[in-house]
Amino acid sequence: MIEDIQAAQRLDSRGNPTVQVDVKTAHGTFRALVPSGASTGSHEAVELRDTCKAAYGGKGVLTAVGNVRTVIGPALMEKEFDPRTQQKEIDQFMCDLDGTPDKSRLGANAILGVSMACARAGAVAADVPLYEFLRQEAVKTGPYVLPVPFFNVLNGGRRSGNTMAFQEIMVAPTGAETFEEGVRWGSEIYSALKEIITKKFGPPATGVGDEGGFAPPITHLEEALDLLTEAVEARGYTGRVVFGIDPASSEFFKDGAYDIGFKDKKPDIKTPQDMMQLYRDVMEKYPIALLEDPFAEDDWASWSEFNQACEVELVGDDLLCANVHRVWKAKERRACNSMSLKMNQIGTVSEAIKAAKLAKSFKWGVFVSHRSGEETTDDFIADLTVALSTGHLKSGAPCRGEHVAKYNRLMDIEAELEGSWKPSEYAGARFRNPSTY
Ligand code: PGA
Ligand code: ZN
């Protein structure tokens with residue numbers, strides 16, 4: 001039973017306020033810190049921000065914090081839910097209490113914080129690790145799957161000071177034997193990249209973007225992919241890693257076209273057909289295995305056309321916002337073959353699990369993701385990834401606390417599973433569809 005629910009305003013990795021929730025039970029106090037996005041999809045659940053400009057430029061979350069303390073907390077405690085067995089009921093109750101389709105009354109940030117903290121309380125009450133607790137709701141058979149980490153090592157878009165429109169260039173150690181080995185490869189490639197950038201552009205160019213990736217003064221996608229190729233070669237991993245790209249293209253879509261010159265205000269307008277060609281060209285030249293949001297969130301026709309003949313994983317992030325209505329629409333229109341999973345786009349743990357199960361039922365990939373720069377050191381998504389056997393996740397570069405918290409937690413989980421009777425495996429090349437549901 002829940003004895004107390006408290007909330008507070010704390011800071012995220014960008015120094016902006018975010019919601020912290022503490023749920024107290026007989027087993028202890030369980031905390032969750034909510035992340036938030038920078039290049040958010042317009043169909044996401046609503047994150048409540050205070051309108052008062054005097055504090056934090058209007059970004060305060062005291063209203064959401066107040067909603068936890070005075071509305072959600074008392075109402076949940078009155079119901080005497082048991083977090084050990086009633087995660088779904090708790091989440092549903094909060095959705096009903098909010099009463100809006102996008103959680104705009106109480107705030108998805110308020111609701112998600114409570115949902116995550118309750119899950120942690122439930123896991124301890126059930127005396128199992130969090131990934132095991134969440135897994136009971138999702139996958140019940142097959143080995144435990146450790147994901148392939150997609151390290152975002154080169155940053156562009158709104159996350160960086162350079163002029164590259166494309167937001168994230170990722171490298172993924174699919175050829176490693178274990179998650180831990182994959183982390184080592186990622187870290188080695190990251191350090192090679194630093195050396196190469198220092199040599200080419202000088203030490204000041206090694207500053208990093210919000211996700212910890214380097215943001216050297218480059219403009220074109222191929223420049224980034226060439227740098228990454230060189231770094232992979234330098235550490236001897238050619239042929240054993242794949243690349244992923246998240247252009248976050250909704251950010252530069254306007255009037256039916258894409259302006260990839262938007263960063264330095266020198267318009268470089270591409271039609272959807274030009275973009276498709278651009279992707280095909282780089283896919284031919286580099287080992288690209290994943291494209292996330294290559295088209296804008298409401299450019300459905302381009303998604304559908306490109307997906308027809310697409311061999312790589314096509315992840316809908318802003319396109320879907322992990323919202324089941326949009327997931328169904330994408331299925332009907334055959335718009336993508338994978339779903340990005342960010343818990344705060346939906347707003348509760350149960351709904352995130354439900355969305356992942358739906359995507360899996362279509363034989364889609366599920367790509368668990370942190371939230372760009374407005375992240376916290378909360379490592380919940382590491383357990384979620386294993387629980388859902390998603391086979392891959394992204395949590396930024398292999399550096400800085402808010403990113404490595406997730407990678408470190410996954411190494412802990414891998415070690416724990418290795419030392420147990422439970423069968424486990426690293427997803428490796430099967431990251432798109434690693435396991436049974
Ligand atoms: P966001 O970006 O968290 O700022 O939305 C990450 C992404 O686009 O995947
Ligand atoms: Zn994205």
Side-chain angles (χ1 to χ4, degrees), residues 12-16 18 33-47 49 59 108-109 112 147 149-160 164-170 172 208-213 215 221 243-253 258 279 288-299 303 312-323 326-327 330 335-347 352 355 359 365-376 378 380-381 384-385 390 392-397 400 402-403 406:
D12 66 22
S13 61
R14 211 183 282 195
N16 291 326
T18 192
L33 262 160
V34 177
S36 100
S39 61
T40 47
S42 53
H43 307 281
E44 297 191 14
V46 174
E47 172 186 78
R49 295 271 173 198
K59 288 190 170 176
N109 42 354
L112 180 62
F150 275 65
F151 298 112
N152 178 7
V153 290
L154 282 162
N155 294 182
R158 295 209 188 277
R159 307 296 159 65
S160 69
M164 182 168 72
F166 298 81
Q167 179 177 280
E168 302 173 16
I169 313 294
M170 296 171 270
V208 297
D210 283 348
E211 298 203 28
L221 181 57
F243 297 172
I245 305 172
D246 180 357
S249 64
S250 301
E251 299 291 319
F252 50 90
F253 183 69
Y258 295 86
Y279 295 131
I288 293 164
L290 178 151
L291 276 177
E292 178 173 325
D293 282 353
F295 307 103
E297 60 195 1
D298 289 314
D299 186 9
W303 278 94
V312 305
E313 181 171 359
L314 209 53
V315 185
D317 172 17
D318 291 349
L319 177 78
L320 305 173
C321 294
N323 173 312
R326 292 186 69 86
V327 172
C336 61
N337 58 35
S338 181
M339 181 187 82
S340 160
L341 187 62
K342 295 169 172 167
M343 283 195 304
N344 78 321
Q345 281 182 337
I346 325 176
V366 175
F367 191 34
V368 167
S369 170
H370 72 145
R371 293 312 303 251
S372 69
E374 290 163 349
E375 186 52 81
T376 70
D378 190 297
F380 195 103
I381 61 165
L384 183 74
T385 307
T390 65
H392 51 341
L393 98 161
K394 66 170 187 181
S395 182
R400 307 210 306 194
E402 68 274 22
H403 309 127
K406 283 76 164 176

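Numbering of ligands and ligand atoms starts at 1, following listing order.
Between the S249 side chain and the P294 main chain, a donor and an acceptor come within less than 3.5 Å of each other.
Close contacts between ligand 1 and K394 involve ligand atoms 7 (C), 9 (O) [criterion: under 4.0 Å to a heavy atom]. Near R371, meaning under 4.0 Å from any of its heavy atoms, are these atoms of ligand 1: 1 (P), 3 (O), 5 (O). Every atom of ligand 1 with a heavy atom of Q167 under 4.0 Å away is listed here by number and element: 2 (O), 6 (C), 7 (C), 8 (O).
In summary, K394 and D246 engage in a salt bridge, as defined by a charged side-chain N under 4.0 Å from a carboxylate O. The existence of a salt bridge linking E375 and K406 is confirmed by a sub-4.0 Å separation between a basic side-chain nitrogen and an acidic carboxylate oxygen.
For D246 atom OD2 and D317 atom OD2, the angle they make at the Zn ion (ligand 2) is roughly 170°, to 10 degrees.
Between S369 and Q345 there is no side-chain heavy-atom pair separated by less than 4.5 Å. At least one side-chain heavy atom of L221 sits under 4.5 Å from a side-chain heavy atom of I169.
When heavy-atom distances to ligand 1 are checked against a 4.0 Å cut-off, D246 comes that close only through its side chain, counted from C-beta outward.
Between D317 and ligand 1, at least one pair of N/O atoms sits closer than 3.5 Å. In terms of N/O distances under 3.5 Å, ligand 1 is not approached by S369. Not one N or O of E44 is nearer than 3.5 Å to an N or O of ligand 1, by distance alone.
Not close to ligand 1: R158, with no non-hydrogen atom less than 4.0 angstrom away. Ligand 1 has at least one atom lying under 4.0 Å from a heavy atom of E168.
Within E292, OE2 is the N, O or S atom that lies nearest to the Zn ion (ligand 2).
When H370, E375, K342 are checked for heavy-atom proximity to atom 6 (C) of ligand 1, K342 turns out nearest.
For the salt bridge (charged side-chain N to carboxylate O under 4.0 Å, His left out) criterion with R326, the lone passing option out of D298, D318, D317 is D298.
Interatomic distance, E251 CD to Y258 OH, rounded to the nearest 0.5 Å: 12.0 Å.
H370 and E402 are not linked by any side-chain donor-acceptor pair at a separation below 3.5 angstrom, with hydrogens and angles left out of the test.
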